[in-house]
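For reference, the structure discussed in these notes is given below.
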Amino acid sequence: MAIGRVSEWRKLPLSLTELCIDTTLRCGQSFRWRKIEDEWHLALYGRILSLKQDPEYLHYKTTWPASTGGFPGSPEVKREGSAEESPSNDDTEQLLNHYFSLKHNAAELYELWSLNDLNFRKKAPKFTGIRIMSQDAWETLIGFICSSNNNISRISQMVHKLCKYYGPLIGHVGEEPFHDFPGPQALMGKGVESHLRELGFGYRAKYIAETARLVSEEKPRGWLESLTNPDNPGFDAEEDPARGRATYKEAHEQLLSLSGVGPKVADCVCLMGLGWGEAVPVDTHVWQIAQRDYKFGKVKTKTFSKAMYDSVGDHFRKIWGDQAGWAQSVLFTANLKSFSDRSIAKAEVDDVKVKVEDTVPETPVVLTTPKPRSSKKRQVAALETVKVEVEEVDTTSGTVRRSKRRKVQST
DNA sequence: CCGCCACCTTACGA
DNA sequence: ATCGTAAGGTGGC
């Protein structure tokens, strides 16, 4: 494969507080970025995107393949009609602006979340520069179908296998081949499920093949993209009339019709692939955070119910507002074992600086007006009958004391 | 609706 | 060593 056109390194003025790629690209949002000698690389939309960073600038470079006409027997580079013809006008800066949601000011948002949430104020300072990425919706969907009962390391391996065996080769970095993510057509073949099982995908093999078939054949053309937040459209989406008619709740509900997509995966796609900042994916980690730091009680049941799932999301949306999913991602990362070195180092400082009473969340300031929700009444009523043990954790002494029985939700 | 449990695979600690 | 458990859950009872 010959190299086509290589842009010069360019740069955007961006502090590490606004974006830290070493954290953002490794915190479990995207599973394909690879770091090679201090530079991060990704095959995306028919090109290889390269990033590196210093305290003042994000440096970026685009490498296009020599031939952009597709390869014999290879799946298409990107879904319908995305023009990757002669890249005469470099859209990389536009792509980065969208990909990292640079229209938002991270420092301002962190400040806002810290204002209303003392736990966030305590945890976030060691995890600045985390941003929610606006990734390709299809890639996000498949990536998080792979994520069930799984860890980031193996998810990454699986996604790389999808690209290696089903995605078009875009180019190389050193000796390393870089493949773009395969489209729905490429993953719906009859032999795909058994092949993916051989590759170690487990029960997710069926989910992927079935979801690919659904999106490719059962759903209308452009269905997935039509679920995009109209206020946060794709970087190359202008003349798409089908795009952006949906609400967050509608997008979430629609995604549930796919195979291997439950409420958590649907929220991941909403947040990181469709631009819905209020989507809060509640996984095992976030549930632990909600219980430990936000007074969601221990429950007897092994699995938490849909009502509890919605309750956690609603609570965080109430505290954090329109970009609740972003705030959640910061705390999620702070809670990740792979970043625990920072948490531990920080905890020692915290215990000196933060008083016990400061760890108790105050009455949250409402940042957004809650939308009326009539059909929810039954769920809320059911939830209020659930009485649970509520633990209050003294972060200074490490002891745990039980309080009187209390409701999970404080409507 | 709620609560179980099987589901693939891998890595890690007891 | 062998086993249990957890890993960014979902689908079917």
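Reminder, nothing fancy here: chain letters follow the sequence lines and each chain counts from 1. Just so it is clear, the values below take in all heavy atoms, side chains as well, and ignore hydrogens, waters and symmetry mates. Keep in mind the model is a prediction, meaning the values are calculated, not measured.
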Whole-Å distance separating the [atom1] atom of [X] from the [atom2] atom of [N]:
X        : N      : atom1 : atom2 : value
A/Lys206 : B/dA6  : NZ    : P     : 17 Å
A/Lys302 : C/dA7  : NZ    : C1'   : 12 Å
A/Phe201 : C/dT10 : CZ    : C1'   : 17 Å
A/Tyr207 : C/dG11 : OH    : C1'   : 6 Å
A/Arg204 : B/dA6  : CZ    : C1'   : 13 Å

(message) Is the terminal nitrogen or CZ of A/Lys52 (NZ for Lys, CZ for Arg) located under 6.0 angstrom from the six-membered ring centre of A/Trp9 and within 45° of that ring's axis?
(response)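 Yes, A/Lys52 and A/Trp9 form such a contact.
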
(request) Is it possible for you to check whether A/Arg131 lies under 6.0 Å from the centre of the six-membered ring of A/Tyr99, through NZ or CZ, and within 45° of that ring's axis? (result)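 Verdict for A/Tyr99: no cation-pi partner in A/Arg131.
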
Per [X] side chain, nearest of listed nucleotides [options]:
X        : options              : answer
A/Phe144 : B/dC2, C/dG9, C/dG8  : C/dG8
A/Tyr203 : C/dG8, B/dC8, C/dT10 : B/dC8
A/Thr301 : C/dA7, B/dC4, B/dC2  : B/dC4
A/Arg154 : C/dG9, B/dC5, B/dT10 : B/dT10

(message) Assuming nearest nucleotide by heavy-atom distance, tell me which of A/Asn150 and A/Val261 is located more 5' along DNA chain C.
(response) A/Asn150

(message) With nearest nucleotide decided by heavy atoms, which residue, A/Lys337 or A/Leu258, maps closer to the 5′ end of DNA chain C?
(response) A/Lys337

(message) Looking at B/dC8, I'd like to know if its phosphate oxygens (OP1 or OP2) sit under 4.0 Å from a side-chain N or O belonging to A/Arg197.
(response) yes

(request) Give a yes/no on whether any side-chain N or O of A/His285 is located under 4.0 angstrom from OP1 or OP2 of C/dA6. (result)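 For C/dA6, neither OP1 nor OP2 has a side-chain N or O of A/His285 closer than 4.0 Å.
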
Base, sugar-phosphate alone, or nothing: which one does [X] contact when heavy atoms must sit under 4.0 Å apart?
X        : value
A/Cys146 : nothing
A/Val282 : nothing
A/Ser153 : nothing

Can you tell me how far [atom1] in [N] sits from the matching atom in [M], rounded to whole Å?
N      : M      : atom1 : value
B/dC5  : C/dT5  : C1'   : 16 Å
C/dA6  : B/dC4  : P     : 16 Å
C/dC13 : B/dC2  : C1'   : 12 Å
B/dT10 : C/dG11 : C1'   : 23 Å
B/dC8  : C/dA1  : C1'   : 23 Å

(request) Could you say whether A/Gln157 or A/Asn149 is positioned toward the 5' end of DNA chain B, judged by the nucleotide with the nearest heavy atom to each? (result) A/Asn149

(message) My understanding is that a pair needs two contacts under 3.5 Å, Watson-Crick or G-U wobble. By that rule, which nucleotide pairs with B/dC8?
(response)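 Base partner found: none.
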
(message) Just checking A/Tyr60 against A/Phe100, ring centres under 6.0 Å apart?
(response) no

(request) Evaluate the side-chain proximity of A/His195 to A/Tyr166: yes if any heavy-atom separation is below 4.5 Å, no if none is. (result)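 Yes - at least one pair of side-chain heavy atoms lies under 4.5 Å apart.
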
(request) Before accepting this row, confirm whether a basic side-chain N of the pair A/Arg121/A/Asp117 lies closer than 4.0 Å to the acidic partner's carboxylate O. (result)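 Looking at A/Asp117 together with A/Arg121, the answer is no, because their closest N to O distance does not fall below 4.0 Å.
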
(request) Check step by step if ring pair (Phe, Tyr, Trp, His ring centres under 6.0 Å) holds for A/Phe31 and A/Phe144. (result) CA-CA 9 Å; A/Phe31 306 104; A/Phe144 283 96; 5.2 Å; yes

